[in-house]
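The shown structure was predicted, so the numbers you read here are calculated from the model rather than taken from an experiment.
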Amino acid sequence: MIRGGKSFVSSPPAFSNDAKKLLVCTGNTVSIFSTATGLQVTELEGHTALVTSIIVVPAPTPASRILCYCWTTSLDGTIKYWDFSVPELMKTINIQLPIYSMVIPSLLSQKSENNEKSPDIYAYLSVEDTKNEQNKQRKELSGQILKCNLSKSRLVRGVILTESKKPENITISSTGKYFGIHEKRKLRIWEVPAKDLKHVTHRKLKLSHTKNLSCIAFHPTERIVAAGDVTGRILIWRGFGDKTFAGDNLANGRLLMDEDEKPGVRGDGDADSCTTWHWHSAEVKVLFFSSDGAYLYSGGKEGVLVVWQLDTGKKKFLPRIGTPLLNFLNSPDPSLSSISCADNRIHILKTPSMEILKSISGIKLPSPVPETFRGSCNDFVFDHTAGLVAVRTENYCIQFYSLFDDREISEVQVCERNHQPSDDVTIILNLVALSFEGSVMCTVETRMAEEGIGGFVTLKFWESGSQNSDFSLSTVIYEPHRDSGVSAIAFHPTRDMAVSASYGGDFKVWVGSCESKQNDKLSQRTRWACHAVGSYRKKPMTAAAFSSDGSVLAVAAETVITLWDPEKNVLVAVIGSARESIVNLSFIGESNFLVSASRGSNPQLAVWSMSKLSISWSYKLQTEAVACSHKDSLLAVLAVLPESYKAQEHDETTLHDANGVILLFNAGDPVPIASWFVTKAKGGGLAFIQRSRSLGDNMDENPGPALLAYVNGDHEYAVFNPHGVETYERKIKHTDNVPGEGTGHFGYASMYGELPPTELKLKAIEASSVMPSERAWESIFSGPSHSLPPLTKLCSAFLESLLEKRSATVVE
């Protein structure tokens, strides 16, 4: 089984000490990427739940930057210590509470102490209190800030810094002196004691605001803290903690400042002043200070990084990132930084110009669709031959993602539109379809009408280049079905032919023809034109499919299935009568069966016999996706479990959080061959895909049957053998395709350069040369001299071969 599609932006990443690696939280593992190539080199495996934070142990001296140690936390309630250069797990601490965030102040303070015994290392954890039954019932104050002794692998008893309604993310200053959280409209800040011991008082303060806060940042050198709120405002408190943290060090006159002398500070907040800046139109997600503290950077839904001059409040912009921003991270190398985006992508930036050097792209997350278009949009389609999934993205692109390599292959811009931070959607990318060999792509986009004016549908055909991922626009067809929307697209299996079905009551058959153009060089491009138009009693056409040989075209006319000759455009037969509108049609391989699926209050999954033109068997299932093998008569169905089933008690083998099931059928048999319970089935998809050649060493050498790919509603996926031959989970070898990381040369290569590549060629030896001979003395000396045994060993064998052996006669 192959798993992938994890989110890269669920938690902030971390740079290694030499800034040549980036550690990224990816589900239950930590993936390590090269900042030079943007490709994955290794991963840390050991957690059993979502990894929530990564802390790299900083190098105390420049010479020790090669050290690669880090701490990780997870919702499984464990803290793990790793050597990620090997990689190897060094230590595990189990606190038995889900951990959402962690900071280790002593790693940032860099205290130079010559004590014989190193002090204990303490960490501050944001956890969810799942043991308190009273809080579970009242659903109040489930979040806690606890203190943990990492050196002794245990929590400090009796130390709870604060409690909150839910676990909050902890932010720490770059010096490790302060850390804080934001809870609704309040900002809580703690001072880390100079000597962090087991039982020591932690001084804290509270700052208030009128809106809910979303992020905070500490100034690197001065006592300044900035916070962003959900309305797009940025608040800057200067001189915080003069009363709480300064003690008796300051003069009494400054400690007794009136509220009039503290402009902008609300209530009894311990700060000298509070300044408010406002540019963002929505929630502020990113907030951080420059290394020298002169500038403040902010970002959010607009996809723009705003640079504020701290002293004057003047701003400039770094636009065109193209997606909402989530996290920003500085690296030990002043010229590198990273920014995490909402489209599951991490950009490696060159600072201070903020030029994008490399991008680490995961599979794109589901894009929102208006309620009126939800039933007529598909989030992704599969390239069955190449093992790719084409994902519809929020920025009007199609991302081609490899299911076998778990990485982005390419991206095709369907609509030339900039990122829109507003909630008003003007263009929707409805449908995507790929031909069987993946060389042609068809897309449907709808431009929304503004006040009843200007709305139309566009059908586009795309043609691939030398590689299936490089698509160029071939044909654009405006309003292919007049004012009606397109409900389905299907490609002919062997020739350049496609069909588009319409809610307006007709379908059109499109045929591609090659045209040659000679500008600077001869090039061929396929132009698509309408070949035929068909309809049935003016009913909405809701689904379409070609048979395996392309001789039959099946089109669903709402609740019935019409069969057509696509070449002559002649209606052959009409079968079936479903209770709800049919939304999915597919021929099951080379068999004589057709499967249909309908949704609604009376859903139905039905298999039809083409030889008898009647129903073979059916189930009342809320079908989410249907997949058919192209050669075998296998049918896989993804069904959503009803609420009544979830409420029932089941055995331990059933997943408690499963909301869907995959059923595998033989086309002519209504009894499932196999079944698998799955999570996040709503919005998921299925497909039979061909095995990749790169799997030959890890899976069966014989290609055998196709693999089954399942992509859930969050675009996490699993690829497995539906026949159950695999009993292990295959790990993707990322290092096979990763070039050098640009880490420099060592030893001989650093002085004299790289040696020229050499290839060792083994000389083929015929089988006859190694067969035993009846006359051994004729071949005993054949072969190269360096491979012959010593003469002392050969002499006795040679002489024995010349002498005639006689049996000794014993005389009594």
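A donor-acceptor pair under 3.5 Å is absent between the side-chain atoms of Asp229 and the main chain of Asn212, judged by distance alone. A distance-only check finds a donor-acceptor pair linking the side chain of Asn712 to the backbone of Asp714 [under 3.5 Å]. When atom types are taken as modelled, the side chain of Ser337 and the backbone of Asn330 share no donor-acceptor pair closer than 3.5 angstrom. Here the side chain of Asn344 pairs a donor or acceptor atom with the backbone of Phe8 at under 3.5 angstrom. Side chain of Ser173 to main chain of Lys177: a donor-acceptor pair is present (N/O by atom type, distance under 3.5 Å, no hydrogens or angles). For Thr351 (side chain) and Pro334 (main-chain N/O), a donor-acceptor pair under 3.5 Å exists by modelled atom type. Between the side chain of Arg185 and the backbone N or O of Ser208, no donor-acceptor pair lies under 3.5 Å. Not one N or O on the side chain of Asp333 forms a donor-acceptor pair closer than 3.5 Å with the backbone of Asp18. Checking side-chain atoms of Thr244 against main-chain N and O of Gly241 turns up no donor-acceptor pair under 3.5 Å. No donor-acceptor distance shorter than 3.5 angstrom exists from the side chain of Ser331 to the backbone of Phe15, with no hydrogens or angles considered.
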**Request:** Verify side chain to side chain donor-acceptor pair (under 3.5 Å) between Ser53 and Ser11, making sure each step is shown before the conclusion.
**Result:** CA-CA 6 Å; Ser53 62; Ser11 299; over 6 Å; no
**Item:** Criterion side-chain contact (heavy atoms from CB on, under 4.5 Å) on Leu287 and Ile216, from CA distance to verdict
**Value:** CA-CA 6 Å; Leu287 204 61; Ile216 61 175; 5.9 Å; no
**Item:** Tyr710 vs Trp676, ring-ring contact (aromatic ring centres under 6.0 Å, His included): CA-CA, chis, key distance, verdict
**Value:** CA-CA 11 Å; Tyr710 165 62; Trp676 302 269; over 10 Å; no
**Asked** Step by step, would you call Phe218 with Thr171 a side-chain contact (heavy atoms from CB on, under 4.5 Å)?
**Response** CA-CA 8 Å; Phe218 288 95; Thr171 303; 4.3 Å; yes
**Request:** Under the side-chain contact (heavy atoms from CB on, under 4.5 Å) rule, what do Asn327 and Ile339 come out as? Steps first, then yes or no, please.
**Result:** CA-CA 6 Å; Asn327 292 298; Ile339 191 163; over 6 Å; no
**Request:** Show your working on side chain to side chain donor-acceptor pair (under 3.5 Å) between Ser101 and Ser126 and close with a plain yes or no.
**Result:** CA-CA 5 Å; Ser101 180; Ser126 175; 5.8 Å; no
**Request:** Report the C-alpha separation of Arg188 and Glu183 in whole Å, then their side-chain angles, then the decisive distance to 0.1 Å, and conclude whether the salt bridge (charged side-chain N to carboxylate O under 4.0 Å, His left out) test is met.
**Result:** CA-CA 8 Å; Arg188 302 182 186 273; Glu183 181 188 2; 3.1 Å; yes
**Pair Arg223-Asp242, salt bridge (charged side-chain N to carboxylate O under 4.0 Å, His left out): steps then yes or no** = CA-CA 9 Å; Arg223 201 175 288 172; Asp242 285 345; 3.4 Å; yes
**Request:** Please report the C-alpha distance between Ile79 and Cys148 in whole Å, then the side-chain angles of each, then the deciding distance to 0.1 Å, and finally whether the side-chain contact (heavy atoms from CB on, under 4.5 Å) criterion is met.
**Result:** CA-CA 10 Å; Ile79 306 171; Cys148 180; 4.2 Å; yes
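Every residue two or more places apart in sequence or in another chain was checked for a ring-ring contact (aromatic ring centres under 6.0 Å, His included) with Trp82, and none qualifies. Listed by chain and number, the residues in a ring-ring contact (aromatic ring centres under 6.0 Å, His included) with Tyr81 are Tyr69, Trp71 (sequence neighbours excluded).
When all heavy atoms of Leu213 and Ala227 are compared, the pair lying nearest together is CD2-CB, 4.2 Å. Summarising the geometry of Ala658 relative to Phe677, their closest heavy-atom pair is CB-CB, 3.9 Å, with the distance given to 0.1 Å. Closest approach of Ser340 to Val9, counting heavy atoms only: CB-CG1, 3.8 Å. Shortest non-hydrogen contact noted between Pro13 and Leu329 is O-CD2, 3.2 Å. Residue Ser338 comes nearest to Ile346 through the heavy atom pair CB-CG2, 4.1 Å, listed as atom of the first residue, atom of the second, then distance. When all heavy atoms of Asp83 and Cys68 are compared, the pair lying nearest together is OD1-O, 3.0 Å.
Exactly one of Tyr295, Phe289, Trp237, Tyr178 qualifies for a ring pair (Phe, Tyr, Trp, His ring centres under 6.0 Å) with His219. That residue is Phe289. For the side chain to side chain donor-acceptor pair (under 3.5 Å) test with His47, the passing option among Thr92, Thr78, Asn28 is Thr78; the others fail. The ring pair (Phe, Tyr, Trp, His ring centres under 6.0 Å) test with Tyr124 is passed by exactly one of Tyr100, Phe179, Trp190: Phe179.
A 4.5 Å side-chain heavy-atom check between Glu168 and Lys166 finds at least one atom pair inside the cut-off. Put simply, the side chain of Leu336 reaches to within 4.5 Å of the side chain of Leu357, judged on heavy atoms.
Screening residues 143-157 for salt bridge (Lys or Arg N to Asp or Glu O under 4.0 Å), with sequence neighbours left out, gives Asp120-Lys152, Lys147-Asp196.
Between the side chains of Glu191 and His202, not a single donor N or O lies within less than 3.5 Å of an accepting N or O. A donor and an acceptor atom, one from each side chain of His280 and Ser298, are located under 3.5 Å apart.
Look at Arg345 and Glu408 and you find a salt bridge, because one of the NZ, NE, NH1 or NH2 atoms lies within 4.0 Å of a carboxylate O, short of that distance. Between Glu716 and Lys680, at least one side-chain nitrogen of the basic residue sits less than 4.0 Å from a carboxylate oxygen of the acidic one, meeting the salt-bridge criterion. For the pair Lys243 and Asp270, the salt-bridge criterion is not met [side-chain N within less than 4.0 Å of a carboxylate O].
Lys186 NZ to Thr162 OG1: the interatomic distance, rounded to the nearest 0.5 Å, is 9.5 Å. Note that CD of Glu163 and CG of Leu146 are 9.0 Å apart. Values are rounded to the nearest 0.5 Å.
Taking the six-membered ring where the residue is Trp, Tyr297 and Phe288 present parallel rings, their angle staying beneath 30° rather than reaching 60°.
The environment of NZ in Lys91 is crowded: more than 12 heavy-atom neighbours from other residues, nucleotides or ligands sit within 6.0 Å. In the displayed structure, Lys285 atom NZ is contacted under 6.0 Å by at most 12 heavy atoms of other residues, nucleotides or ligands.
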